[in-house]
Amino acid sequence: MERSNRTVSEFLLLGFTTDPVMQLALFVVFLGVYSLTLVGNSTLIVLICNDSRLHTPMYFFIGNLSFLDLWYSSVYTPKILMTCISEDKSISFAGCLCQFFFSAGLAYSECYLLAAMAYDRYVAISKPLLYAQAMPRRLCICFVIYSYIGGFLNAIILTSNTFTLDFCGDNVIDDFFCDVPPLVKLACDVEESYQAVLYFLLASNVISPAMLILASYIFIIAAVLRIRSSQGRLKAFSTCSSHLISVTLYYGSILYIYSRPSSSYSLERDKIVSTFYTVLFPMLNPMIYSLRNKDVKAALRKLFVLAQSEV
């Protein structure tokens, strides 16, 4: 039966479950994850700002990634927590649009930033003696600015095309946030031009940065193979391992969600996958970049010593 077309003023977010007990359990879980995200990323930013040993291009990018993750997780998690404990599951059309815009802009910006970090790792390994000259602070700042500009310009394109779709009578979003798959499911008719826009944005914001990252690592491997000592090779690879883990986890979930045609969207499965890159990934990033990093551990011990001495 064809659904009737009407103006939608608000959407209803179903979230993960309607069971009150499970909602309470999820609230506790997401609150814990969000708290760890805020503490972990804020701590990493403080360490990088305060410790002079971390005033290098690599940590400059890591600090900006932590800042982006703080912002990114805050787009989703507070609303998730509200829907878990509140009977009101609604989100206004304007609120949905804003959440959609910022989530897209930050996601695209992170793709570009990860590509810039891959180039930084290539320069550090291939030109270790000229690293500071090849990656001056002005260039690093430009990379970050361009990442945000590219991300949010493309977010404007995606948001304007998505929210000019004709939404039918059903305004229930079977997800925990406003995203492409559930909104496409609510549209009366998705034209091929919209699908073309999705593929263009996927290619320009996800595939292209991924190819730049792949190219950087090909050059990194070539540079590492030219290192004669096995210890030197291992040290060179270890400087890239955290970034490589981060890229694999983030791009893997993003490509899984958005590289398929809209007809093959599975909201239940996509809901679980999208939880990973929207909520869990911002929490994991500080751990990925700090647990295996001697400089960050040393800066953290120094911070604890200073805190204890002041107490």
Side-chain angles (χ1 to χ4, degrees), residues 8 10-45 65-107 110 170-186 245-246 248-258 260 264-291:
V8 175
E10 67 176 14
F11 296 97
L12 297 178
L13 297 171
L14 291 184
F16 294 92
T17 179
T18 57
D19 184 358
V21 177
M22 284 299 298
Q23 285 183 342
L24 183 59
L26 288 172
F27 174 82
V28 174
V29 171
F30 282 116
L31 181 61
V33 170
Y34 188 49
S35 300
L36 288 174
T37 301
L38 295 179
V39 172
N41 285 287
S42 299
T43 301
L44 196 54
I45 292 172
L65 182 65
S66 291
F67 173 76
L68 195 152
D69 283 336
L70 279 174
W71 192 5
Y72 194 37
S73 62
S74 297
V75 171
Y76 307 102
T77 313
K79 187 60 180 179
I80 295 174
L81 295 174
M82 287 298 297
T83 55
C84 285
I85 61 173
S86 174
E87 294 183 359
D88 183 11
K89 312 294 182 184
S90 64
I91 181 171
S92 66
F93 186 90
C96 186
L97 186 150
C98 289
Q99 187 187 64
F100 185 94
F101 169 73
F102 282 107
S103 64
L106 293 169
E110 185 147 344
D170 188 6
N171 67 335
V172 178
I173 294 178
D174 188 9
D175 209 333
F176 60 92
F177 72 107
C178 295
D179 197 15
V180 171
L183 288 171
V184 166
K185 290 287 186 181
L186 297 183
I245 293 171
S246 181
T248 302
L249 294 176
Y250 187 71
Y251 274 90
S253 55
I254 289 283
L255 288 172
Y256 176 82
I257 293 288
Y258 300 108
R260 296 167 295 137
S264 65
Y265 289 153
S266 173
L267 296 183
E268 286 300 322
R269 184 175 62 244
D270 293 351
K271 195 185 300 185
I272 297 173
V273 177
S274 58
T275 304
F276 180 81
Y277 75 85
T278 57
V279 179
L280 295 178
F281 185 77
M283 178 194 71
L284 294 175
N285 257 343
M287 301 178 187
I288 293 172
Y289 287 102
S290 62
L291 292 179

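Index from 1, following the sequence. The basis for the numbers below is simple: all heavy atoms, side chains too, and nothing from hydrogens, waters or symmetry mates. If you're wondering where the values come from, they're calculated on a predicted model, not measured in any experiment.
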J.: Rounded to the nearest 0.5 Å, how far does CZ of F30 lie from NZ of K79?
T.: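 The NZ atom of K79 sits 14.5 Å away from the CZ atom of F30.
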
J.: Under the side-chain contact (heavy atoms from CB on, under 4.5 Å) test against N285, which residue among S73, S66, S246 passes?
T.: S246

J.: Closest heavy-atom contact between V33 and M283?
T.: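 Looking at all heavy atoms of both residues, the closest pair is CG1-SD, 3.8 Å.
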
J.: Nearest 0.5 Å, please: how far is CG in L183 from CG in N171?
T.: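 Going from CG on N171 over to CG on L183, the span is 11.0 Å.
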
J.: Applying side-chain contact (heavy atoms from CB on, under 4.5 Å), run through V180 and F100 and close with a yes or a no.
T.: CA-CA 8 Å; V180 171; F100 185 94; 3.7 Å; yes

J.: Quick one: pull up CG in D69 and CG in L38 and give me the separation to the nearest 0.5 Å.
T.: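 Result: 11.0 Å between the selected atoms.
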
J.: To the nearest 0.5 Å, what is the distance between CZ (F27) and SG (C84)?
T.: 7.5 Å

J.: Taking ring-ring contact (aromatic ring centres under 6.0 Å, His included) as the test, write out the residues that go with F281, two or more places apart.
T.: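 ring-ring contact (aromatic ring centres under 6.0 Å, His included) list for F281, sorted by chain: Y250.
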
J.: Would you give the length of the straight line joining atom CG of L13 to atom CZ of F176, rounded to the nearest 0.5 angstrom?
T.: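 Reported to 0.5 Å precision, the distance equals 10.0 Å.
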
J.: Is there side-chain contact between Q99 and I91, with heavy atoms separated by less than 4.5 Å?
T.: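 Yes; the side chains approach each other to less than 4.5 Å.
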
J.: Any chance CZ of F93 has more than 12 other-residue heavy atoms, nucleotides or ligands included, within less than 6.0 Å?
T.: yes

J.: What residues, two or more places apart in sequence or in another chain, satisfy side chain to side chain donor-acceptor pair (under 3.5 Å) together with T248?
T.: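 With neighbours one apart ignored, the set is empty.
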
J.: Minimum heavy-atom separation for S92 and G95, please, with both atom names.
T.: OG-N, 2.9 Å

J.: Are P182 and L14 close enough that some pair of their side-chain heavy atoms sits under 4.5 Å apart?
T.: no

J.: What do the steps show when you test D179 against S103 for side-chain contact (heavy atoms from CB on, under 4.5 Å), and what is the final call?
T.: CA-CA 8 Å; D179 197 15; S103 64; 5.6 Å; no

J.: With sequence neighbours left out, what residues match Y76 under ring-ring contact (aromatic ring centres under 6.0 Å, His included)?
T.: Y72, F177

J.: Measuring from atom CD1 of I80 to atom CD1 of I85, what distance do you get when rounded to the nearest 0.5 angstrom?
T.: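 Atom-to-atom, I80:CD1 and I85:CD1 are 13.0 Å apart.
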
J.: Check the pair T37, T77 against side-chain contact (heavy atoms from CB on, under 4.5 Å), reporting the backbone distance first and the verdict last.
T.: CA-CA 10 Å; T37 301; T77 313; over 6 Å; no

J.: Less than 4.5 Å apart, side chain to side chain, heavy atoms only: is that true for P181 and D175?
T.: no

J.: Quick one: does N41's side chain have a donor or acceptor within less than 3.5 Å of a partner on P282's backbone?
T.: yes

